[in-house]
Structures are given as structure tokens and as C-alpha cells.
Protein chains: 2
Amino acid sequence: MKDHVAHRNTKQRTIILEELTKLTSHPTATELYNIVRKRLPKISLGTVYRNLELLTENGIIQKLELAGNESRFDAMAVRHNHVRCVECGRVDDLMDIPDDPLIERPAIIDGYRIEGYNLEFYGVCPHCYKKSKGK
Amino acid sequence: MKDHVAHRNTKQRTIILEELTKLTSHPTATELYNIVRKRLPKISLGTVYRNLELLTENGIIQKLELAGNESRFDAMAVRHNHVRCVECGRVDDLMDIPDDPLIERPAIIDGYRIEGYNLEFYGVCPHCYKKSKGK
DNA sequence: CTCATTGCAAATGATTTGCAAGAAA
DNA sequence: TTTCTTGCAAATCATTTGCAATGAG
């Protein structure tokens with residue numbers, strides 16, 4: 001979209017990407033904002049949103065738009081699936097699950113030019129399962 | 001959740017379900033509100049939301065929580081997949097696509113008790129494709 | 001009578017945007 | 001310089017909620 005525009009290397013952008021890369025927790029924009037704030041106390045949440053959007057457009061990071069939930073961000077650009085815990089909301093990677101059966105689908109269904117799909121598993125994470133057994 | 005509570009048959013609830021059932025367009029709450037308002041001019045958007053939620057909890061209708069988009073509602077309670085047009089936002093049913101390959105997955109992955117998944121295709125609908133060719 | 005439900009308005013929560021000041025290139 | 005970016009605050013958008021009044025059973 002904006003391939004022709006010169007993007008500048010700002011301190012903010014660099015640190016946002018650095019901190020996101022350190023995390024495997026798929027933070028929300030606000031969570032990442034709170035982390036980045038430790039290094040850049042003056043940064044604003046709006047800047048975090050703008051940069052995450054830009055990095056996503058450039059394919060450097062991935063935006064996980066979870067059904068009915070706050071978006072989360074993933075520094076791993078390689079496509080892979082995710083599981084969301086219905087209890088605590090955490091999101092984990094599912095590297096083992098191949099997404100091939102869906103990729104094989106025809107590119108045109110019912111007249112639609114299919115561009116892709118969103119697939120998201122949900123369930124109870126090990127931690128919350130352990131807690132619920134304690135009841 | 002509320003199986004023990006007595007639900008009352010209100011005019012509002014009846015008409016909301018009636019109108020939703022007439023539609024195959026998977027309306028948003030606001031779209032349905034505007035339709036229902038023709039029969040019940042005093043109804044409020046909040047009432048529409050509350051009833052759609054209740055009907056969903058009771059398994060009478062389906063709430064489609066689309067990644068990063070407004071929720072839409074479907075009077076067909078039988079599970080089936082959907083495609084969303086990235087141009088105009090409309091959502092259509094995909095009755096032909098079986099979702100079996102995913103159902104066969106193990107119930108526990110990486111420690112997660114998998115309860116289900118959200119799968120949503122996206123692409124360009126026939127109508128928008130026709131328009132874009134005209135450029 | 002009771003209490004689920006409604007209409008209304010205000011509140012919430014996530015995300016976006018307008019704008020003047022600041023900083024890359 | 002030029003113009004992309006930022007910080008800040010206000011705006012937006014979907015959805016939820018508090019509350020007094022209403023109505024179904």
C-alpha cells in the first residue's frame with residue numbers, strides 16, 4: 001500500500017519492534033505499550049498502535065485479529081496457527097498443526113475469489129485447567 | 001448458563017427473531033435494529049443486543065464473531081462456514097465446505113483442552129469482483 | 001404480585017484521528 | 001528544508017450497563 005513512502009527509523013519504532021521480538025506472549029497493543037514505556041516513558045499508546053499497524057503492513061510482524069477479542073501482535077512473520085485460552089485470554093503458538101488441508105481448497109468458491117482464511121483454536125490452557133481441577 | 005431462569009416471550013424478542021429468520025444476509029446488530037424498528041419504532045439498540053445475546057446463548061441463533069470486524073448474526077443454528085468479502089464486508093454461507101478435517105484433530109494440543117475453533121474465509125465477492133474489473 | 005425485560009442515556013473499551021511541535025533524511 | 005512521526009487529547013465505533021418504568025406469567 002505504502003511501498004513508495006519512505007519510512008523513517010525512529011527510536012519509537014525500533015524499540016517497539018525490539019520489545020515485541022523478545023516476547024512469545026503475543027501481547028495486545030496496550031500490554032506492549034506498558035513494556036515499551038519502561039524504556040520510553042513519554043511514548044503514547046497512539047504511537048504504539050500506529051507502528052504496529054505499519055509493521056504489519058510491511059509484513060514484519062503479524063496482527064492476530066481474534067474473533068470477538070482484542071488484537072494481539074506476533075513478531076514471527078511466518079504463518080502459523082494459534083490457540084486462545086477461553087479462561088485467561090492468553091494466546092499460544094501451535095507450530096505442530098499444519099494448515100495444509102485448508103490451503104488445498106479451491107481458490108474460487110461460490111463465486112468468491114478466496115484470498116485466505118482465519119483459523120483460530122480455542123480451549124483451556126494447561127494453567128487454567130490445573131486451577132479448575134482444584135475446585 | 002441461565003437454563004433455570006424463565007425467559008419471557010416479549011414482542012421485541014419475537015419480532016427480532018422473526019426478522020432475522022427472514023434474512024440470509026447475516027446482519028449486524030445495528031442493521032437488524034433498523035429493520036426491526038420498522039415494526040417496533042420505539043425499540044432500542046440495547047434491546048436488540050440483549051436479545052441477540054440471549055438467543056445465541058440458547059442456541060437458537062448463531063453469533064458470528066469475525067476477526068477484526070463487527071459481529072453478525074445468523075438464524076441458522078446448524079454449524080457451517082462463512083466467507084466475508086474484503087471489499088464490501090458482506091458475509092455469505094459456505095454450505096459446501098465440510099469442516100471435518102479440523103474436527104478430527106486431537107482434543108488436546110500442547111496441553112490445551114481444545115474446545116473448538118473459528119474458521120472464516122475471506123476474499124472478493126462476485127459483485128465486487130465484477131466492479132473491480134470495470135476499472 | 002414478581003421479576004424478567006425494556007427504553008434511554010451514560011459508560012466502557014479498543015482503536016483511530018486531528019493537529020501543532022519535533023526529528024529523521 | 002521537507003515531510004514523516006510523535007504526543008496529546010478528543011473522537012469514533014461497537015457493545016455494555018445502570019436504572020426506573022413496564023409488562024409477562
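The chains referred to below are lettered A, B, ... by the order of the sequence lines, with proteins before strands, and numbering in each begins at 1.
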Gap between atoms CG and P, on B/Leu66 and D/dA14 respectively (whole Å) = 14 Å
task = Name the orientation class of the two ring planes belonging to A/Tyr117 and B/Phe121 (parallel below 30°, tilted from 30 to 60°, perpendicular beyond 60°).
result = tilted
inquiry  = Expressed as a whole number of angstroms, how long is the span from A/Arg37:CZ to D/dG7:P?
reply    = 12 Å
key: Protein-nucleotide distance (B/His7, atom NE2; D/dG23, atom P), rounded to Å   = 20 Å
ask   = Which one of A/Asp74, A/Asn118, A/Asp92 satisfies the side-chain hydrogen bond (donor to acceptor under 3.5 Å, both in side chains) criterion with A/His82?
value = A/Asp74
request  = Go through D/dG25, D/dT5, D/dG7 for me and flag the one nearest to the B/Arg8 side chain.
outcome  = D/dG25
task = Respond yes when some side-chain nitrogen or oxygen of A/Tyr49 is under 4.0 Å from OP1 or OP2 of C/dT15, and no when none is.
result = yes
remark   = In short, A/Asp110 meets B/Leu94 closest at the heavy-atom pair OD2-CD2, 3.6 Å
note = Of C/dC8, C/dT6, D/dT16, the nucleotide closest to the side chain of B/Gln12 is C/dT6
request  = Take atom CD1 of B/Ile43 and atom C1' of C/dT5, then tell me their distance rounded to the nearest Å.
outcome  = 11 Å
message = Taking only side-chain N and O atoms of A/Thr10, does any of them lie within less than 4.0 angstrom of OP1 or OP2 on D/dT5?
response = no
inquiry  = Between C/dT5 and B/Arg13, counting only base atoms on the nucleotide and side-chain atoms on the residue, is there a donor-acceptor pair under 3.5 Å?
reply    = no
query = Within the structure, does a side-chain N or O atom of A/Ser71 lie under 4.0 Å from either OP1 or OP2 of C/dT15?
reply = yes
ask   = Which atoms form the tightest heavy-atom contact between A/Ala67 and A/Glu120, and what is the distance?
value = N-OE1, 3.1 Å
key: Atom-to-atom span, CD of B/Glu53 to C1' of C/dT5 - whole angstrom   = 15 Å
Candidate nucleotides C/dT5, C/dG18, D/dT5, ranked by approach to the side chain of A/Arg50 - the nearest = C/dG18
message = Quick check for you: among D/dG7, D/dT5, C/dT15, whose closest atom lies nearest to any side-chain atom of A/Thr47?
response = D/dG7
inquiry  = From CG of B/Leu54 over to P of C/dC3, roughly how many Å is that when rounded to an integer?
reply    = 18 Å
task = Starting from C1' on C/dA14, measure out to CD on B/Glu70 and report it in whole angstrom.
result = 14 Å
ask   = OP1 or OP2 of C/dT6 sitting under 4.0 Å from any side-chain N/O of B/Asn51?
value = yes
key: Interatomic distance where CG belongs to B/Asn69 and C1' belongs to C/dA14 [whole Å]   = 14 Å
message = Please find the pair of heavy atoms, one from A/Tyr33 and one from A/Leu45, that lie closest to each other, and give the distance.
response = CE1-N, 3.4 Å
inquiry  = Here's a test of your reading of the structure: between B/Thr28 and A/Lys11, which maps to the more 5' nucleotide of DNA chain D?
reply    = A/Lys11
